[in-house]
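Since the model is a prediction, treat every value here as computed from it, not as a measurement. Heads up: numbering here begins at 1 and tracks the sequence.
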Amino acid sequence: MNFDSLGLIDPLIRMLATVGYTEPTPVQQQAIPPILEGRDLLAAAQTGTGKTAGFAIPLLQRLATEGERAAPGTVRILVLTPTRELAEQVFESFRSYGRNIPMRAFVAYGGVPIAPQIAKLRKGLDVLVATPGRLLDLMGQGEVQFDQLQTVVLDEADRMLDLGFANDLEQILLALPDEKQTLLFSATFPQVIRDLAQVLLDDPVTIQASPRNRAAASVRQWAITTDKRRKAPLLLHLLRKNDWPQVLVFVKTRKGADVLVEQLQEQGFKADAIHGDRAQHVRLRALERFKAGQVQLLVATDVAARGLDIEALPLVVNFDLPTVAEDYVHRIGRTGRAGMEGEALSLVCADEAEPLRAIEKLTRQVLPRTEVAGFEAEHRVPDTAPAAKTGAKAGAKPAAKGAAKSGARASGKDGAKHGDQAKLNADPNQPLSADPRFRTDGDGRYPGAPAAPKPASKPASKPRAAHAAAGKPAAAGAARTSGFNAPPQGRPRGAGPGAAPKGAVVVTGGRGAKSIAKAAAKATARDTGKRGKR
């Protein structure tokens, strides 16, 4: 398949030829046609598979063919990203792919002056790439309007929630018009993202270009066990022995990044750091120097695990294992991009046995281990291989047992449903569209999502009553008023027997929330008028 067969216009075809794109990647093949049709999209794809081009190219075509330009202060396409680095990368992609398309695009994030961003917005933007925090600042100052918004893209949505942007996202999404195209892209797909998709997307096309939470097959993964105090000397030894030309090193903390850079520089290595304490222009300069080969080692925290697009990077080193297993997938996704080969080395000490076990469980593989003479671990790293193998072999038994228990409690039909879910859990390659949790029940909820406790009596809930009075199906109302913002720990939102339990996904707004509120108010007014006449 080539790009011509996807229905792209000549200016974009010519642009793709100049940048060396000859064939679309799997995610581009699946994403471009429905985006061109204006469909909502839910896409899970590994980092480095070309998903930025997968949404940027068709959106640029829609801008070009529709001919409308953004009015002053308005935005036509909004792309939300979790980090400044990813925002810069996506913005540069739009500029590169859209060189033959008349458009105005800009990027907005914190850590830099806001005045230039306001000046660009006042002229109107066809494409705005932004981080949630800075976008809320612009909205609070009344500098951005969404009257002309046609598409919103959530890129790396799971990372936005991991970084604590749930409340920011909720405020932004409630300010957007109901009628719009929504595209949700992510490399990993936890349950919270499924719940978010249930709220935001309208009859979406679901694509999965690769198995969930798996690293690219082109990345060779392995680990060296050692003691924590020996990690820095071991890294120096490996650098001298292997003569690696370029290495991206991930550490856990900002202070740890600065300390390691200082140690590397003292030994004559050209090293620099990227982390949240450094000013944005300093971070960008460090990244550009690394890409240009002026710096051999770039030491980064997880704030840079996504958004670093470095061509032909041969090696990623996990100096510290991440505390969140999903971050491991994103870290090592900086190498082995676009089908190229790469290596991912992890230095593991005894204190990191649990993070290692979580990573191996997530990726469904045991990292091969080795030791380096002179740097052996005095504190032995516990063996995780037997537990991982046992889980893989016995995976079917607990699932079958669970299905049997469910069958004993419920009817044969319910038992079959649980059995199907067990099979899906055991098969990581199962398409997301086949997952029963994507098919909502009569209440518009995921069957697998946490349920609120039932009240003692069974009065109709307010959203259902309002929709019944307005002549709308109750199930549709329930689905539209579902949300993704979890209540604060120890303080469940709402009161009474119907309040959501701690940790449940609570619903505070979403697509159509404003129109639902209006319908409820009208229904209440009608009921009050009828009672007055009687």
Side-chain angles (χ1 to χ4, degrees), residues 47-48 81-93 109 111-112 156 159 187 215-216 219-222 224 231-322 327-338 340-347:
T47 182
T81 70
T83 65
R84 305 169 188 176
E85 283 75 19
L86 184 55
E88 279 284 356
Q89 178 188 319
V90 172
F91 170 59
E92 289 300 328
S93 295
Y109 48 74
V112 296
E156 306 289 13
R159 184 61 173 166
V219 179
R220 176 192 169 224
Q221 304 171 60
W222 51 295
I224 298 178
K231 282 189 176 185
L234 172 58
L235 179 60
L236 290 166
H237 168 78
L238 293 171
L239 288 169
R240 294 190 183 100
K241 178 181 178 182
N242 296 285
D243 195 26
W244 289 320
Q246 204 173 33
V247 186
L248 178 59
V249 183
F250 281 106
V251 297
K252 189 181 297 185
T253 66
R254 302 168 185 179
K255 182 179 179 180
D258 290 335
V259 169
L260 182 57
V261 166
E262 185 177 345
Q263 292 174 319
L264 292 168
Q265 290 174 343
E266 287 176 352
Q267 296 299 316
F269 291 97
K270 294 180 180 179
D272 210 338
I274 287 183
H275 57 69
D277 281 346
R278 309 199 81 186
Q280 183 62 24
H281 72 278
V282 176
R283 290 158 62 170
L284 289 175
R285 186 175 66 235
L287 179 57
E288 290 304 319
R289 292 178 64 208
F290 184 65
K291 287 182 175 181
Q294 299 171 5
V295 170
Q296 180 186 1
L297 294 111
L298 185 64
V299 182
T301 57
D302 283 313
V303 72
R306 306 191 195 192
L308 292 183
D309 189 6
I310 304 162
E311 187 175 351
L313 178 67
L315 176 66
V316 167
V317 172
N318 290 302
F319 188 85
D320 300 316
L321 290 185
D327 286 339
Y328 173 83
V329 176
H330 299 296
R331 286 182 176 189
I332 69 174
R334 302 305 103 196
T335 185
R337 298 175 72 82
M340 300 184 69
E341 293 186 353
E343 288 191 76
L345 166 63
S346 299
L347 307 182

Could you tell me whether the side chain of [Y] reaches within less than 4.5 Å of the side chain of [X], counting heavy atoms only?
X      : Y      : answer
Thr301 : Phe250 : no
Leu284 : Glu88  : yes
Leu234 : Ile224 : yes
Arg289 : Lys270 : no

Spacing of [X] atom [atom1] and [Y] atom [atom2] [to the nearest 0.5 Å]:
X      : Y      : atom1 : atom2 : result
Gln221 : Glu343 : CD    : CD    : 11.0 Å
Leu239 : Leu264 : CG    : CG    : 6.5 Å
Ile332 : Ser346 : CD1   : OG    : 7.5 Å
Phe269 : Leu235 : CZ    : CG    : 8.0 Å
Asn318 : Leu347 : CG    : CG    : 8.0 Å
Gln263 : Leu236 : CD    : CG    : 7.0 Å

Backbone N or O of [Y] within a donor-acceptor pair of the [X] side chain at under 3.5 Å?
X      : Y      : value
Gln246 : Phe290 : yes
Thr335 : Leu313 : yes
Gln265 : Ala271 : yes

**Study point:** Tyr109 side chain to Glu85 side chain, donor-acceptor N/O pair below 3.5 angstrom
**Key:** no
Check your understanding: With no hydrogens and no angle check, do the side chains of Gln296 and Trp244 hold a donor and an acceptor under 3.5 Å apart?
Key -> no
Tell me the closest heavy-atom pair linking [X] and [Y], and the distance in Å.
X      : Y      : answer
Ala286 : Ala273 : CB-O, 3.9 Å
Ala344 : Leu315 : N-CD1, 4.4 Å
Leu321 : Lys252 : O-CE, 3.7 Å
Pro322 : Asp302 : CB-OD2, 4.0 Å

Point to revise | Pair Leu298-Val249, side-chain contact (heavy atoms from CB on, under 4.5 Å): steps then yes or no | key: CA-CA 6 Å; Leu298 185 64; Val249 183; over 6 Å; no
Point to revise | Short N-O contact, Lys231 and Asp320, less than 4.0 angstrom | key: yes
Review point. Any Lys/Arg nitrogen of Asp272 or Arg278 sitting under 4.0 Å from an Asp/Glu carboxylate oxygen of the other?
Key: yes
Review point. Can you tell which of Arg285, Arg283, Arg254 makes a side chain to side chain contact (heavy atoms under 4.5 Å, CB included) with Ile274?
Key: Arg283
